[in-house]
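Remarks on the structure that follows.
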2 protein chains.
Amino acid sequence: MTAATKSSGRALPHPEFGEIRLEAVLHALSDPMRLRIVRELALCERELACSYFELPVTKSTTTHHFRVLRESGVIRQCYRGTAKMSGLRRDDLDALFPGLLDGVLRAAARQAERLDGA
Amino acid sequence: MTAATKSSGRALPHPEFGEIRLEAVLHALSDPMRLRIVRELALCERELACSYFELPVTKSTTTHHFRVLRESGVIRQCYRGTAKMSGLRRDDLDALFPGLLDGVLRAAARQAERLDGA
DNA sequence: CCCATTGTACGAGAACCCTCGTAGTTTGAC
DNA sequence: GTCAAACTACGAGGGTTCTCGTACAATGGG
């Protein structure tokens with residue numbers, strides 16, 4: 001079994017490039033938990049396992065948020081062993097909506113500074 | 001009665017500058033009808049009456065969307081005669097989240113071009 | 001083969017959101 | 001004062017979302 005088939009045991013539907021909708025992206029980013037996930041992904045600049053995130057919700061809920069992010073086109077996911085890796089779809093988002101993701105990330109950082117204390 | 005008191009017959013609560021939350025702004029912008037309103041407001045660069053917008057929903061629904069925009073801090077509203085005028089809170093938004101609004105507007109324009117035909 | 005790890009599926013409850021219709025309020029014009 | 005215009009308030013219906021708990025599936029290690 002090749003590495004490719006090995007990682008495709010479970011299906012992970014993603015929207016294609018042209019199917020990504022701004023409204024869906026904004027909605028995905030408008031949830032505090034998901035915005036937090038996206039910020040951590042942007043900070044690390046690499047794919048992270050779901051278990052990396054220590055969110056104050058159960059695992060089922062975490063799964064739900066990752067699915068919303070994936071189905072809106074914000075992140076890309078794949079299985080690697082028992083872990084599910086997630087990474088930002090920076091390339092696609094930047095091509096579709098230049099500056100949008102960075103604008104949101106800067107805004108989020110700024111707000112965090114302002115609220116959580118600089 | 002002065003002009004100021006004349007226009008303050010009805011209450012229009014706005015969040016203060018420091019109360020505006022990124023999540024609320026993103027959520028407000030994630031609805032197609034509201035994004036459309038915001039785009040028109042940005043195009044005209046001045047305050048517009050609700051009746052200016054010809055949205056494919058009833059007036060009650062329109063009122064609802066304008067309230068969501070106002071309560072999230074995206075627009076500012078005031079009464080002028082029987083009309084309710086709405087304008088973008090560009091100054092506050094740009095100060096809080098530099099580049100965010102422009103990023104969203106550019107993304108929306110781009111998507112409209114892509115979908116509705118250039 | 002068995003097991004621990006990691007994440008999924010399903011269902012359910014509570015909350016929220018978008019939409020509408022109807023009835024009402026405020027304002028300015030006559 | 002009366003009337004039309006513009007918008008609001010309220011309530012309701014239908015859909016979606018967020019959250020959870022429990023039970024289940026896939027993978028890799030010993």
Side-chain angles (χ1 to χ4, degrees), chain A residues 1-14 21 23-37 47-72 74-87, chain B residues 1-14 21 23-37 47-72 74-87:
Chain A
M1 213 189 254
T2 69
T5 46
K6 245 172 122 179
S7 300
S8 64
R10 286 162 279 181
L12 284 177
H14 291 71
R21 292 288 172 277
E23 292 87 341
V25 170
L26 292 176
H27 174 252
L29 296 176
S30 73
D31 180 274
M33 217 63 70
R34 291 194 293 259
L35 190 53
R36 175 167 161 176
I37 292 171
E47 296 189 329
L48 294 173
C50 290
S51 56
Y52 171 89
F53 300 87
E54 297 191 355
L55 302 176
V57 291
T58 65
K59 275 202 287 187
S60 336
T61 304
T62 302
T63 298
H64 160 71
H65 285 307
F66 273 99
R67 182 171 45 226
V68 173
L69 286 171
R70 172 169 44 82
E71 291 180 346
S72 67
V74 176
I75 66 172
R76 215 181 322 256
Q77 297 189 292
C78 65
Y79 288 104
R80 200 166 301 157
T82 81
K84 183 161 73 168
M85 310 303 291
S86 300
Chain B
M1 214 189 250
T2 69
T5 45
K6 245 173 124 179
S7 299
S8 64
R10 288 161 278 183
L12 283 176
H14 290 72
R21 291 288 171 278
E23 292 87 342
V25 170
L26 293 177
H27 173 251
L29 296 176
S30 73
D31 180 273
M33 217 62 70
R34 292 194 293 260
L35 189 53
R36 175 168 161 175
I37 292 172
E47 296 188 330
L48 294 174
C50 290
S51 57
Y52 171 89
F53 301 86
E54 298 191 355
L55 303 175
V57 292
T58 65
K59 275 203 285 191
S60 335
T61 304
T62 302
T63 297
H64 160 72
H65 285 307
F66 274 99
R67 182 171 47 228
V68 172
L69 285 171
R70 173 169 45 81
E71 292 181 345
S72 67
V74 175
I75 66 172
R76 214 181 323 256
Q77 296 188 291
C78 66
Y79 288 104
R80 200 166 302 157
T82 80
K84 183 160 76 168
M85 310 303 293
S86 301

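Every heavy atom of this structure was used, including side-chain atoms; hydrogens, water molecules and symmetry mates were not. Here is the naming used below: chain letters follow the sequence lines, and residue numbers restart at 1 for every chain. Bear in mind that the values here come from a model prediction, so they are computed numbers and not experimental data.
- Applying the side chain to side chain contact (heavy atoms under 4.5 Å, CB included) test to A/Glu23 and every residue at least two apart in sequence or in another chain returns A/Arg21, B/Pro32, B/Leu35, B/Gln111.
- The structure places CG of B/Leu69 at 10.0 Å from CD of B/Glu71, a figure rounded to the nearest 0.5 Å.
- A pairwise comparison of heavy atoms in A/Gln77 and A/Ser86 identifies NE2-OG, 2.9 Å as the closest pair.
- At C/dT8, one or more side-chain N or O atoms of A/Tyr79 fall inside 4.0 Å of OP1 or OP2 (strictly under the cut-off).
- C/dT27 atom P lies 12 Å from atom CG of B/Leu12, rounded to whole Å.
- Within the 4.5 Å cutoff, side-chain heavy atoms of A/Pro13 are placed close to those of A/Arg70.
- Distance CZ (A/Arg80) to C1' (D/dA26): 16 Å, rounded to an integer number of Å.
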With a 3.5 Å cut-off and sequence neighbours excluded, list the donor-acceptor pairs that the side chains of residues 54-61 of chain A form with protein atoms.
residue: A/Thr58; atom: OG1; partner: A/Thr61; partner atom: N; Å: 3.4
residue: A/Thr58; atom: OG1; partner: A/Thr61; partner atom: OG1; Å: 3.1

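- Applying the side-chain hydrogen bond (donor to acceptor under 3.5 Å, both in side chains) rule to B/Ser72 yields no partners; only residues at least two apart in sequence or on another chain are considered.
- In this structure, the side-chain hydrogen bond (donor to acceptor under 3.5 Å, both in side chains) partners of A/His65, at least two apart in sequence or on a different chain, are A/Arg34.
- Atom pair B/Phe53:CZ and D/dA6:P shows a separation of 15 Å (rounding to whole Å applied).
- Straight-line distance from the CG atom of A/Leu26 to the P atom of D/dT17: 15 Å, rounded to whole Å.
- Considering CG of B/Asp31 and NE2 of A/His27, their distance stands at 10.0 Å, rounded to 0.5 Å.
- With sequence neighbours left out, B/Glu47 forms a side chain to side chain contact (heavy atoms under 4.5 Å, CB included) with B/Cys78, B/Arg80, B/Met85.
- Note on A/Ser51: only backbone sugar-phosphate atoms sit closer than 4.0 angstrom, heavy atoms only; bases stay farther off.
- Whole-Å rounding puts the A/Leu35 CG to D/dT17 C1' distance at 17 Å.
- A/Gln77 places its CD atom 16 Å from the C1' atom of D/dA26, with the value rounded to the nearest Å.
- Across the protein-nucleic acid pair, B/Glu54 atom CD and D/dC7 atom P stand 12 Å apart, rounded to whole Å.
- With sequence neighbours excluded, the residues forming a salt bridge (charged side-chain N to carboxylate O under 4.0 Å, His left out) with A/Arg76 are A/Asp91, A/Asp92, listed by chain and number.
- A/Leu29 approaches B/Leu26 most closely through the heavy-atom pair O-CD1, 3.6 Å.
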List the protein contact pattern of nucleotides 15-23 of chain C with one symbol per nucleotide (5' to 3'): B for base contact, S for sugar-phosphate-only contact, - for none; contact means a heavy-atom distance under 4.0 Å. ---SBBBB-
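- One interatomic measurement links the two molecules: CZ of A/Phe66 to C1' of D/dC18, which rounds to 16 Å at whole-angstrom precision.
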Please enumerate all protein N or O atoms sitting under 3.5 Å from an N or O of nucleotides 11-14 of chain C, with distances to 0.1 Å.
none

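- Looking at every heavy atom in both residues, A/Phe53 comes nearest to A/Ile37 through CE2-O, 3.8 Å.
- Counting only Watson-Crick and G-U wobble pairs whose two key distances fall under 3.5 Å, DNA chain D forms stems of three or more stacked pairs at C:1-30 with D:1-30.
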Could you run down the sub-3.5 Å N/O contacts of the protein with nucleotides 12-14 of chain D?
none

